[in-house]
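Note that the numbering runs from 1 along the sequence shown for the chain.
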Amino acid sequence: MQGDGEVLFLGGVGEVAVTLGHDGLSFQPLHPEPSSSCWTSIILQPKLENRIRFSDVYAVELLDEGPVCGPLNTRTVIQGKKSTEMHRFAVHVVNRSRKHPSPLIPCEYLFGHKDSQSCKSWVELLSACTNGEHDRPKNLLVFVHPLCGKGRGRKNWEVVAPLFDRAKVNTKVITTERAGHAYDTIASLSDTELKKFDGVVAVGGDGLFNEILNGLLRSRHKTSYPPTPEGFGYVGSNEKCQGYRNDGLSNSMPTSNNVNVMLPGSSNKSDDHEPLLSTAQSPGLGTSSLNPNTEPSSGDQVPSVSFPNDWFRLGIIPSGSTDAIVLSTTGERDPVTSALLIILGRRMSLDIAQVVRWKSSPSAEILPTVRYAASFAGYGFYGEVIRESENFRWMGPARYDFSGTMVFLKHRSYEAKVAFLENRSTDSLTASAENVANGVQPRQKRPRKTICRTSCSVCKETLATGQNSADDIPDSSRTICEKPKWVWSKGRFLSVGAAVISCRNERAPDGLVAEAHLSDGFLHLLLIRDCPLPLYLWHLTQFTKKGSDPLTFKFVEHHKTKAFTFISSHDESVWNLDGELFQASEVSVQACRGLVNLFASGPEA
């Protein structure tokens, strides 16, 4: 079939000579129409190329005998007809919009031949070539949040489920019934059960993804506590997290040393959860019917699953209120695009923030509790907005706007101390300990930003130089630096936040920190000092304007760091972790570079 190529009939084009190459197939029309381009003659589809790359093929289907249309918008007919009956097969590919490069569009090439065996041979050959793309998932565990985004979760899954079926990707679908359902299910999986899947997909918002993330990492991420400065009072990087394993044999609560869990008193409500059923222990998955050939014999020992690893990936079909993780990692809030990226097995590493709560309140006992965040950890304004919104869940996504306005008008500030590791490779992005009274104008523009894109050079350079690499994660004393220098910042703050990624969303098109990278091993610490209400409003409105820089005000500190600590004397200190509440008055936080892999490839623009 390579050589000069076999003659097939291509729907909408006519007879073409097909040639198979090592990375795809190409074809040329045997009877091109000089008056029109045959590649633009296919109705309701973007311009199709005369070459198909195997990496862009997501499915190949053998169809029943039926009509195949001839060239459209021409006078050419076949045997007096514009279509003819023949044996057929379809090649399903992804294409990109010419006007906007981010969305992926599913397209179909319909081929025909008079011989059924020829069609079968082509299907077998193309299936073998596309199956050679070894990163593609075969089995996925899917959690669907039915109520998020006013019911978009269920609707979006109904839209994309046929794509997974067509691509022959097996999906074990669980519709969540209560807050914490996904967390309980994932946390209770044994290694044997988890290894049946190539990844987990969240059909919901950032909160559902956070549940899945914490369920996975609760006992499978063995690392040190974040480093802490002298005077913080707790052991940092020399103390190991003792996450406890749950292989379905015991559901007892861990002791205070077993910190990779959600302890009583920590909220486990998703940002998109409507009032669901009360939390209860999740039953097993019942996955024995999935891939029965992978079941180990009773004498086999199943290797443990730990993170980071190169095999397991997470995916999101955006259906939430903000979908900041999807927008930051794909550039598009489109369920079909996300589904196709999952099917094609796209892969990228994602930094995760490890947050260790030492005290839930100033008077509480010391009880280290570990949580993880993929996009943002925020205190003050950010935490209060989430807490206030819990009272208005009946409003749906509009509750965030209402709660944000209420919290803004209260204009509360909080006394706190923050210490962060100095980043020796670059100077602090701001040096703002000045009093606001010295000037109210924004300062001059900062140096040109390097925005994270597909094949980002910054993330690749970090990986190539081994800075904060995955191999270093188990020992954060090496992950951070040998002799770290801590810088303290004290005073009254309206908010304290740490962006792991840019946190793009529809209200903030550039995100909270436009230059934040997806896998460079850094957090972007934002300290917003107390200031007059009009100035704070001016600062917040800058996030809504694309190309603006809301971090140039004198009351804003922006520090690129690998770890920080936080101490507050406020009795009801709450944090916002990816939209979930987390009560904590003393925390230490570190960036875990590339801790998980995502079914994504980075934003194109």
Side-chain angles (χ1 to χ4, degrees), residues 213 217 221 223 226-227 237 307-310 313-314 324-331 346-355 372-377 420-430 446-482 484-485 487 497-504 510-526 549 551 557-564 578 589-598 600-605:
L213 179 72
L217 300 178
H221 178 219
T223 190
S237 59
F307 289 86
N309 68 59
D310 293 330
R313 279 166 288 178
L314 302 176
I325 298 174
V326 165
L327 278 167
S328 299
T329 56
T330 70
R346 298 295 190 255
R347 176 192 300 273
M348 60 161 289
S349 296
L350 187 67
D351 290 347
I352 299 296
Q354 181 200 45
V355 182
Y372 297 90
S375 60
F376 184 73
F420 60 91
L421 272 175
E422 185 180 51
N423 178 19
R424 296 184 177 183
S425 61
T426 59
D427 293 332
S428 179
L429 299 177
T430 59
R446 296 178 294 157
R448 184 177 178 271
K449 306 171 185 175
T450 303
I451 307 300
C452 197
R453 305 275 190 239
T454 300
S455 302
C456 173
S457 60
V458 172
C459 296
K460 283 187 173 181
E461 180 182 1
T462 305
L463 178 62
T465 57
Q467 297 178 21
N468 206 20
S469 66
D471 292 337
D472 287 336
I473 288 177
D475 185 354
S476 62
S477 62
R478 291 187 294 115
T479 300
I480 304 301
C481 56
E482 293 299 330
K485 178 182 177 181
V487 179
V500 189
I501 56 179
S502 63
C503 301
R504 294 184 186 182
D510 290 335
L512 295 180
V513 183
E515 63 266 42
H517 285 264
L518 299 172
S519 186
D520 65 347
F522 284 97
L523 303 169
H524 287 260
L525 180 62
L526 305 179
D549 196 340
L551 306 182
E557 293 185 40
H558 176 198
H559 306 287
K560 186 176 178 181
T561 182
K562 293 183 178 179
F564 73 94
D578 293 344
V589 184
Q590 70 174 337
C592 300
R593 185 186 180 277
L595 182 54
V596 299
N597 288 312
L598 217 60
S601 55
E604 295 285 341

If you round to the nearest 0.5 Å, how far is CD1 of Ile352 from OH of Tyr372? 10.0 Å
For a quick test of reading the model, state the closest non-hydrogen atom pair linking Ser502 to Ala516 and the distance between them. N-CB, 3.6 Å
Interatomic distance, NE2@His559 vs CZ@Phe564, rounded to 0.5 Å, equals 11.5 Å
Just how far is it from atom CG of Leu512 to atom CZ of Arg504, taken to the nearest 0.5 Å? 12.5 Å
Which atom names give the shortest non-hydrogen contact between Val596 and Phe307, and what distance separates them? CG1-CD2, 4.4 Å
Restricting to non-hydrogen atoms, name the atom on Asn597 and the atom on Ser349 that form the minimum distance, rounded to 0.1 Å. OD1-OG, 3.2 Å
N/O donor-acceptor pair under 3.5 Å between Ser328 side chain and Cys503 backbone: yes
Taking Asp351 for its side chain and Ala591 for its backbone only, find out whether a donor-acceptor pair lies under 3.5 Å. no
Under 3.5 Å, is there a donor-acceptor pair between the side chain of Arg593 and the main chain of Ser519? yes
Side chains of Asp578 and Ser375: does their closest heavy-atom pair fall under 4.5 Å? yes
Determine yes or no for a side-chain-to-main-chain donor-acceptor pair under 3.5 angstrom, with Asn423 supplying the side chain and Lys562 the backbone. no
Give me the one residue out of Leu518, Thr329, Thr330 that meets side chain to side chain contact (heavy atoms under 4.5 Å, CB included) with Leu598. Thr329
Is a side-chain donor or acceptor of Arg347 paired with a backbone partner of Arg313 at a separation under 3.5 angstrom? no
May I have the step-by-step check of side-chain contact (heavy atoms from CB on, under 4.5 Å) for Leu350 and Val500, ending in yes or no? CA-CA 9 Å; Leu350 187 67; Val500 189; over 6 Å; no
Using a cut-off of 6.0 Å, state whether more than 12 heavy atoms not belonging to Asp310 lie near its atom CG. no
Which heavy atom in Pro227 sits nearest to a heavy atom in Leu421, and how many Å separate them? CG-CD1, 4.1 Å
Non-hydrogen side-chain atoms of Gln354 and Leu595 separated by less than 4.5 Å: no
About how many Å separate CD of Gln590 and OG1 of Thr561, when rounded to the nearest 0.5 Å? 10.5 Å
Mark yes or no for whether Asp520, through its side chain, and Cys459, through its backbone, hold a donor-acceptor pair below 3.5 Å. no
If you define the side chain from C-beta out and look only at heavy atoms, does anything of Ile451 sit under 4.5 Å from Asp510? no
